[in-house]
Amino acid sequence: MPELPEVETVRRQLAESLAGLRFVAVARAEPSMLIGGSAESLRAELPGRDVQDVSRIGKFLRVKLGGAAFLTLHLGMTGHFLVSQGRPDSEEYAFDSHTRFLFSLEPADRASENLGARSPSLTWLEFRDIRKFGRVQLTFGAPAERLSLLGPDAWKGEWGVGHLSRRLGGRRAPIKALLLDQAVLAGIGNIYADEILWEAEISPLRPAGALTPAELEVLAKEIPRRLQQGVDLLGCSISDFVDTEGQTGMFQQTLQAYGRQGQMCRRCGQTMRRVIVAGRGTAYCPGCQR
DNA sequence: CCCAAGTCCTGGTTGC
DNA sequence: TGCAACCAGGACTTGG
């Protein structure tokens, strides 16, 4: 599942491979994944705009485009981008049935009268997503409004233990549910939530408001630390995450909690358990996570 | 058939 | 008691 470290891995690659390019055409667009627009409006508005920046908040990517436009992207559960260089003699790009969006780009310094013409240096940007949970939104003047509803970025945002105590205080929901709440902190998903709570030795079932100041301190340290490991290892490929070159990450080799139900806890030796929290499968150690 | 799980939406509950 | 905040669960989606 693409969570913050996976999306950051993709962001870095897109920033690198799309720099200096501009959109030429929209060869494919899945209407059900488009927010606030149609495939027709995307085809009308995107071509000709150059990529100026690729940034990220939580699990959302935002591509800043010429003319004060923004392309907001979310990978959902199974989404990934593939970038490849042009095949000028082939109109039949090798997309498969899960290709939901297909864009072509060319160097932005090419003369504008050549816009849309076949280019020897075409770049293909492909958004594949088996389950169609991904989203694409084109906005003008400002990034998508949904981004303003997000809490600070869990990895790079400026927040501390004070933020946690304010947002978790008095809440009865289990701590894991609030780690997954993107309005509290943006970027944590099911895998990293289990990992962070294991590292912090806190049960995912604990009511968030019942955490002690000491526990909040541990949590505030553990969240960016474990996410940093994910970024350093180029993400977690537990299911089907791959980067824009089709490569897998390595974080899955470090998993201590996620998916380890029934196995021995590597810290205390007890058998790991699986429960449902916030509708999500949750693995934790009843021995040392309190 | 159930399970996986991102986000959004709905309807019921809680507590000030 | 009123009502906003809160919280649980369903919808969506497709392959294993």
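Side chains included, hydrogens not; waters and symmetry mates left out as well; all remaining heavy atoms used. Model, not experiment: these values are computed from the prediction. Reminder, nothing fancy here: chain letters follow the sequence lines and each chain counts from 1.
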Taking any heavy-atom pair under 4.0 Å as a contact, classify G281(A): base, sugar-phosphate, or nothing.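 Counting heavy atoms under 4.0 Å across all strands, the contact made by G281(A) is with sugar-phosphate only.
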Taking the six-membered ring for Trp, are F60(A) and H74(A) parallel (under 30°), tilted (30 to 60°) or perpendicular (over 60°)?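 Perpendicular, since the angle between the ring planes exceeds 60°.
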Return the orientation label for the F103(A) and F23(A) ring planes: parallel under 30°, perpendicular over 60°, tilted otherwise.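 Because their plane-to-plane angle is over 60°, the rings of F103(A) and F23(A) count as perpendicular.
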Can you measure [X] atom [atom1] to [N] atom [atom2] for me and round it to whole angstrom units?
X	N	atom1	atom2	answer
R146(A)	dC8(B)	CZ	P	5 Å
M33(A)	dA11(C)	CE	C1'	17 Å
N190(A)	dG6(B)	CG	P	5 Å
Q261(A)	dC3(B)	CD	P	13 Å
L205(A)	dC7(C)	CG	C1'	15 Å
I175(A)	dC7(C)	CD1	C1'	15 Å
I35(A)	dT7(B)	CD1	P	11 Å
L4(A)	dA5(B)	CG	C1'	17 Å

So, OP1 or OP2 of dT7(B): does either fall under 4.0 Å of a side-chain N or O from Q182(A)?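 Checking dT7(B) against Q182(A), a side-chain N or O does come within under 4.0 Å of OP1 or OP2.
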Can you see if the side chain of Y258(A) gets near the phosphate of dA5(B) - specifically, an N or O under 4.0 Å from OP1 or OP2?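 Answer yes for this pair, as a side-chain N or O of Y258(A) is under 4.0 Å from OP1 or OP2.
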Is there a donor-acceptor contact under 3.5 Å linking the side chains of Q289(A) and S203(A)?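 No donor-acceptor contact under 3.5 Å links the two side chains.
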Check [X] against [Y] and note the closest heavy-atom contact, atom names and distance.
X	Y	answer
Q182(A)	I188(A)	NE2-O, 3.0 Å
M272(A)	W198(A)	CE-CD1, 4.1 Å
G189(A)	E3(A)	N-OE1, 2.8 Å

Can you give each donor-acceptor pair under 3.5 Å made by side-chain atoms of residues 135-144 of chain A, sequence neighbours left out, with the distance rounded to 0.1 Å?
unit_1	atom_1	unit_2	atom_2	d
R135(A)	NH1	K132(A)	O	3.1
Q137(A)	OE1	R146(A)	NE	3.4
T139(A)	OG1	A142(A)	O	2.6

Using a cutoff of under 3.5 Å, can you pull out all pairs of nitrogen or oxygen atoms linking the protein to nucleotides 13-16 of chain C, with atom names and distances?
unit_1	atom_1	unit_2	atom_2	d
dT14(C)	OP1	K132(A)	NZ	3.1
dT14(C)	O2	R131(A)	NE	3.1
dG15(C)	OP1	H98(A)	NE2	3.1

Please list residues of residues 149-172 of chain A whose heavy atoms come under 4.0 Å from any atom in DNA chain C, ordered by number; otherwise none.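 Result for residues 149-172 of chain A: R171(A), R172(A), sorted by number.
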Straight-line distance of R225(A) CZ to E195(A) CD, nearest 0.5 Å: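 If we round to the nearest 0.5 Å, R225(A):CZ and E195(A):CD are 10.5 Å apart.
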So, taking the atom named CG in L61(A) and the one named CG in L14(A), what distance separates them when rounded to the nearest 0.5 Å?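 CG of L14(A) is found 6.5 Å from CG of L61(A).
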